[in-house]
Amino acid sequence: MQDFLEFRSISKGYPGVQALSDVSFTVRKGAVHGLMGENGAGKSTLIRLLSGDQAADEGEIRIEGEAQGYRSVRDAFRAGVIVIHQELQLVPELTVAENLWLGHFPGKGGVIDRRQLIRVVGEKLTEIGIDVDPSAKIASLSIGERQMVEIAKAVMLDARVIALDEPTSSLSSRESEILFALIERLRSNGTVILYVSHRLDEIFRLCDSLTVLRDGKLAAHHPDISKVTRDQIIAEMVGREIADIWGWRGRDLGPERLRVEAIAGPKLKTPLSFSVRRGEILGFFGLIGAGRSEMARLVYGADTRYQGTVVIDGAKVPADSPPQSIRAGMVLCPEDRKFDGIVQGRSIEENMAISSRRHFSLFGVLDLKKEAELADRFIAKLRIRTPSRKQDIINLSGGNQQKVILGRWLSEQGVKVLVIDEPTRGIDVGAKSEIYEILYDLAAEGMAIVVISSELPEVMGITDRILVMCQGRIAAEIARADFDERRILAAALPDVANASELPTEQVQPS
Amino acid sequence: DVKIGFIVKQPEEPWFQDEWKFADVAAKEKGFTLVKIGAEDGEKVQSAIDNLGAQGAQGFIVCTPDVKLGPGIVAKAAANELKLMTVDDRLVNADGSPIEDVPHMGISATKIGEAVGQAIVDEVKKRGWDMKDVGAIRVSYDQLPTAVDRVEGALSVLKANGFPEANIFDAPQAKTDTEAALNASTIVLNKNAGIKKWVAIGLNDEAVLGAVRATETVGIPADNMIGVGIGGADSAINEFKKPTATGFFGTVIISPKRHGYETALNMYEWIANGKEPEKLTLTAGQLALRDNYETVRKDLGIE
Amino acid sequence: MTSLKKLLLGEQGLVVIFAVAFAIVALTVPNFLTERNMLGLLQSVVTIGIVACTMMFCLASRDFDLSVGSTVAFSGMAAVMASNASGSILVGLIAALICGGIVGLVNGVVIAHFRINALITTLATMQIVRGFALIASDGRAVGINDPGFYQLALSKFLGIPTPIWVMGVFFVVFGFVLNRTVFGKNTLAIGGNPEASRLAGVNVSNMRIWIFALQGLVCAVAGVLLASRITSGQPNAATGLELSVISACVLGGVSLAGGRAAMTGVIVGVLIMGIAENVMNLLNIQAFYQYVVRGLILLLAVLLDNLRSAAAGRRG
Amino acid sequence: MTSLKKLLLGEQGLVVIFAVAFAIVALTVPNFLTERNMLGLLQSVVTIGIVACTMMFCLASRDFDLSVGSTVAFSGMAAVMASNASGSILVGLIAALICGGIVGLVNGVVIAHFRINALITTLATMQIVRGFALIASDGRAVGINDPGFYQLALSKFLGIPTPIWVMGVFFVVFGFVLNRTVFGKNTLAIGGNPEASRLAGVNVSNMRIWIFALQGLVCAVAGVLLASRITSGQPNAATGLELSVISACVLGGVSLAGGRAAMTGVIVGVLIMGIAENVMNLLNIQAFYQYVVRGLILLLAVLLDNLRSAAAGRRG
Ligand SMILES: Nc1ncnc2c1ncn2[C@@H]1O[C@H](COP(=O)(O)OP(=O)(O)OP(=O)(O)O)[C@@H](O)[C@H]1O
Ligand SMILES: Nc1ncnc2c1ncn2[C@@H]1O[C@H](COP(=O)(O)OP(=O)(O)OP(=O)(O)O)[C@@H](O)[C@H]1O
Ligand SMILES: [Mg+2]
Ligand SMILES: [Mg+2]
């Protein structure tokens, strides 16, 4: 098979950062090509250059031997290239169908043919196996559903090259399967797929070939993925060996620290109860829309509750608002970093200190030195790739932004309960194990930790106990000794949950 | 029963408030309804007339935001079958000639300006200043035609009496309030720091007050300043009430009483008794100074 | 009961609230619901209504235009001067469209290409264009020579004055453009998420330029009608129009954060503004109190709309 | 060469450009760089400068305040009337602060609690408050009885008039508050991403209320100084102030999309506005052309700043 897509000595710099330097590699026709690397290694930058949104400082991209001088997204589209970016790029106020057609609306003389708009999208979505209403507004979808819509965008329009930048970062296993099936189909049609992910099992499962980037340079190129091992890739990425990513450490669990009693809200009608002990890491698993994020937001007071109480160390937490929860010793690291996490236009330092700075300010006057120290400590600890702590957070790569947000909460003092929604979304393998280490340390100090994750291996790898949610209810409770992939998945699937004898009512705290 | 509209261009201005007040007196006396509407631009005037028509008024008095609105106002009044009189500003045709069929009561802007100019000239002579050493601040707001006419009227008298043209300095105000006039005048004073004696003219009392405040800020004594305003409402009276005399020498008071009371009365007579008013009534302004303003106001029927 | 609630809180809630308010006013205010007053009312909102059509697009795409008042005055001026000079009303109309179009185009190019804040740009052009209008006319109104020009505003069709028809046509056309054309959808997309739209291949800067140019042209139409109604070109006309128009749009549910707009909403917004003025004058409310009442009505209208959308659980 | 470039394109680029422009003006415009003119210039921007301090906070938190002009007039009015009635300047000052504070508080509560669009809310209060000022004074200027009141504006310290000192103190204090206090940082955070700030424990609605209340208080101070300068309370004072202040802020790099602000920038913005007026009058530019020039300067200033930040590769 001939080389279909070629990157030729590509370089791209931003002020203070050389994102890519002299990167060259080729991809064969009909191949799924993996792209890996630490956070900030330059993967998204490469994809962005391919999309035509930005131009390389040096080098060129060739498709079927033809140099692509395109300068805009439209040009790239005409050349048959479609890119799904790392951050969701949807217009919340428009419907699913309108978003899918955006940029290429059907119709004559500028008048949209609305019937065709809906019909074609409906057919495509059914064909792909995505269950969303084409005329629903994007704003009403959960983040996972939005991700599926993004993916549908790639297949809607016939393309020669499709690039997917971390498409599964907010998908659970079931949706991921739909995506993988899609990729198989595209591969058999001869489409070239560039696939960015931090999940090694996905890479091994899907990809024919692989490129590893490190610090913006080509670290390794593997034309045949069957000739490499996981450890080898990790070493190429991180520059060191990581024996066991999870590195699970057992702890002695103390008395009950957090108790949630019959909590319910607008999007979570069935009351939920559970409790977490000192030193315990409790995992929540479920499919998209299972209601885990809703649960977390209700517990934290981010959304208004209909009913229910939250008790920390025997004291009731006022139900009202995040400030009160924080004062009571509970923090939530939200799932959607773009809308709920990063503060655009402000530096890394400020983003990290936003909540904890009240501890080291005197009468409201800041201690800038302490802030700087804090930022530097977590930049080092979480391996955040940035020229300085003064960098605007918007200029960081996705994974590095996530790390800053994590840093914000890990630096908070006097925390008794830490709730983390998708802690390692988009984070590279190296940093992942650092984060797990920090979580174990915090737990060992007596903190109660709730981890919500859609990545089954992660939930199984780092938690002491798992609550499986399904359709807004807790469908199963499984202790670490009984962790079993099949059992957990079975509980998460709605049809199985309804039919089986698995407990569907509220689970009593153990 | 009779219903009469009274439309004015700047409802917040004390002058128009007073006109309304005196029109109300007439309304009470004669027992008709007076509908007061503020209309700052041509479009508002149009809808105000429509509105009056809809309410069943029989006629209205208008001080138009712009005299060139004449044909439009006349047509609109006719369409609504309303009798029409103008006050303060006289309507003109497209070619600039006054529309003579519409009864008017007012005073020409140029004439008021001339009164101001005469007052200044008299006082300059009385103080024995040499015109060559005196600077004139022309607080200007040229986007308003009336303002230009008033200021030019005053300047024409100054020049006719030998005031050197080179000593007249323009201080354009960005808005028609005192602060804007103050800021603009300060610059003129600072630019011509060599001139020690000043006179100031402007479109109204507020503008001249700005110039007076400016002289105070840069330290020119009150004796070296002659500001003469136009209007004679509270801004000017407040100045006269100050314990010591300021550079605000006087103001040409124009009487809102005749303008408000008589026009309303005339309109009523026209509607009720078919007695058509005079086509043109001209009133005069009167100079008021610190020591005689009370009598002047009494003479004019204000107070 | 529940269906009433649904009606009030639904998509068309503002319209329903408006209809109720209208009925109350019609029943309680004398002379309000007469044909003459209705026509007068509609004529009084012609300028705001026409300009609001394109302002809606401008706001929906997350932009802002403060220069509309000046543009209306300037192009009205241009129409009068050109038609006086040439003796042809058509030439006047074309001159106005050219002037308005150029102002809009300049706004658009400066904002989209040089990426200058729309507020500052249009604040600047607002002053510059007003300056041009004043310079061109030496600060004085210019009378219309050809009485045929007045006919634009005075003529009627089926008993309704032409300007009202024009406004109606604009409402229909721009309503269609917003909901049913690529242009409209792209406008909403740009406002909702400019980055996503750009990455989807929408030419964002061209779209913005077009929107501003259209705004300029529409202002020119409003300017010509205004000049015809007031039988002269006035350099000081339409000051403060920008705030009225933006208020009408926001009242009608157009989001200043972009991405949300509806023609029915804007029409209701325009009418609320007009009715408020009309009723205050009918009730002979004192000038100073009119300020207070005007402010309170504005607050009340958005408050009601807000309660509605809060109850409907729509996200901010 | 490169260090020059660095200087121009760096954080302080606007300041450097301003310094260069200032030097050019000082050298070419006669009478500009005299002590008298400088003091006059500074005094002419006192109102804008003082109000810009809190407007900066307001814009940085993604809000908007159009009511400042009315509030300045109203509280100035209140100060004069209260001090006339009581015979004490202090009582007047307190009355002004109370009035200003209440207006701000009402703005804040309506905007933050009832979640009404800030533009509409402050547009409404702008009218209501102006109405109050007119009603309170019956539309007339109210003279100051106690000559001591004039001294607020006329008194000098080290040869510099008190209002300029007040403005200077405000600049220093609010610059400190913005950069060095939790309040300032939270303001910027709210503007950058309100939802994220809320989740991070910032009490967003309280913050917004505080910012508006502060804005009201600061307007009251500006109103008292203005009344003292013009020796009377005028209900029509400070119309259009809101746009000048917002322009000064945006010129100084405050982002209307929130999250970005700097005191030095705002000071430069205020000075640019003041110098533009000052120089135009010194050069005796005709009134109508002043409109055009004012607009062009505004455009030029943001354009320069924009080129600078585009070159620096800063994102939108
Ligand atoms: N607009 C920008 N301005 C400055 N630096 C940038 C900008 N965009 C990206 N960078 C930097 O370029 C580098 C590469 O970023 P990129 O987004 O390509 O990383 P990535 O490999 O996709 O990482 P991740 O796994 O976290 O998504 C990072 O150091 C990032 O901070
Ligand atoms: N903004 C919204 N408006 C309406 N419904 C929503 C909204 N966000 C989420 N939902 C719905 O609420 C339910 C719970 O979603 P939630 O995001 O809590 O699920 P989750 O278990 O956290 O899954 P995910 O993996 O997507 O985060 C879903 O049915 C989802 O469609
Ligand atoms: Mg990336
Ligand atoms: Mg979730």
Side-chain angles (χ1 to χ4, degrees), chain A residues 47-48 51-54 70 72-78 81-95 97-115 117 137-141 146 149-150 153 156-157 165 265-267 303-304 338-339 344 394, chain C residues 9-11 56-57 59-62 112-113 117 172-207 210-211 214 253-262 265 309-316:
Chain A
I47 303 271
R48 221 175 288 137
S51 78
D53 178 37
Q54 292 182 359
Y70 51 65
S72 75
V73 177
R74 277 197 104 78
D75 293 343
F77 175 71
R78 271 187 222 111
V81 177
I82 292 199
V83 167
I84 300 306
H85 294 271
Q86 184 173 9
E87 299 297 342
L88 293 177
Q89 299 294 354
L90 297 166
V91 184
E93 288 84 3
L94 296 186
T95 64
E98 283 163 355
N99 266 284
L100 290 176
W101 282 113
L102 188 58
H104 323 276
F105 279 112
K108 270 202 257 347
V111 178
I112 295 174
D113 182 345
R114 278 201 287 194
R115 222 172 286 136
L117 192 79
K137 288 240 161 76
I138 290 291
S140 71
L141 303 183
R146 293 183 199 190
V149 173
E150 264 293 356
K153 225 156 116 181
M156 274 284 295
L157 311 154
D165 197 350
K267 282 179 223 144
D303 296 333
T304 28
K338 189 165 168 203
F339 289 101
Q344 298 96 304
I394 202 81
Chain C
L9 303 181
E11 274 287 296
M56 171 178 78
F57 279 78
L59 296 177
S61 68
R62 243 190 240 193
H113 271 306
N117 180 293
V172 172
V173 169
F174 282 99
F176 181 84
V177 170
L178 182 70
N179 291 317
R180 299 294 303 276
T181 67
V182 177
F183 186 80
K185 286 293 172 193
N186 281 352
T187 302
L188 291 170
I190 290 178
N193 189 341
E195 175 81 359
S197 313
R198 189 168 57 81
L199 292 175
V202 177
N203 193 328
V204 177
S205 62
N206 272 7
M207 279 292 300
W210 270 110
I211 293 171
L214 206 62
V254 179
S255 158
L256 286 181
R260 210 186 296 142
S309 53
R314 199 204 290 162
R315 271 207 185 182

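To find a chain, count down the sequence lines: A is the first, B the second, and so on, and within it residues start at 1. Bear in mind that the values here come from a model prediction, so they are computed numbers and not experimental data.
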>> Taking every non-hydrogen pair under 4.5 Å, which of A:V73, A:I138, A:D113, A:I112 racks up the most with chain C?
In response: A:I112
>> Between A:Q89, A:R74, A:K153, who has the most heavy-atom pairs with chain C when the cutoff is under 4.5 Å?
In response: A:Q89
> What closest approach, in Å, do A:V91 and C:G192 show between heavy atoms, and which atom pair accounts for it?
Replying inline: CG1-CA, 3.7 Å
> Any idea which of A:L117, A:D53, A:L94, A:I82 has the most non-hydrogen atom pairs under 4.5 angstrom with chain C?
Replying inline: A:D53
>> Any non-hydrogen side-chain atom of C:L199 less than 4.5 Å from a side-chain atom of A:H85?
In response: yes
> Is C:K185 salt-bridged to A:E98, going by a charged N under 4.0 Å from an acidic O?
Replying inline: yes
> What residue in C:S197, C:P194, C:A200 has the most heavy-atom pairs under 4.5 Å with chain A?
Replying inline: C:A200
Which donor-acceptor pairs under 3.5 Å do the side chains of residues 177-184 of chain C make with protein atoms, sequence neighbours left out?
{"residue": "C:N179", "atom": "ND2", "partner": "C:G175", "partner atom": "O", "Å": "3.4"}
{"residue": "C:T181", "atom": "OG1", "partner": "C:V177", "partner atom": "O", "Å": "2.6"}
{"residue": "C:T181", "atom": "OG1", "partner": "C:G184", "partner atom": "N", "Å": "3.2"}

> Do C:N193 and A:L90 touch side chain to side chain, with heavy atoms closer than 4.5 Å?
Replying inline: no
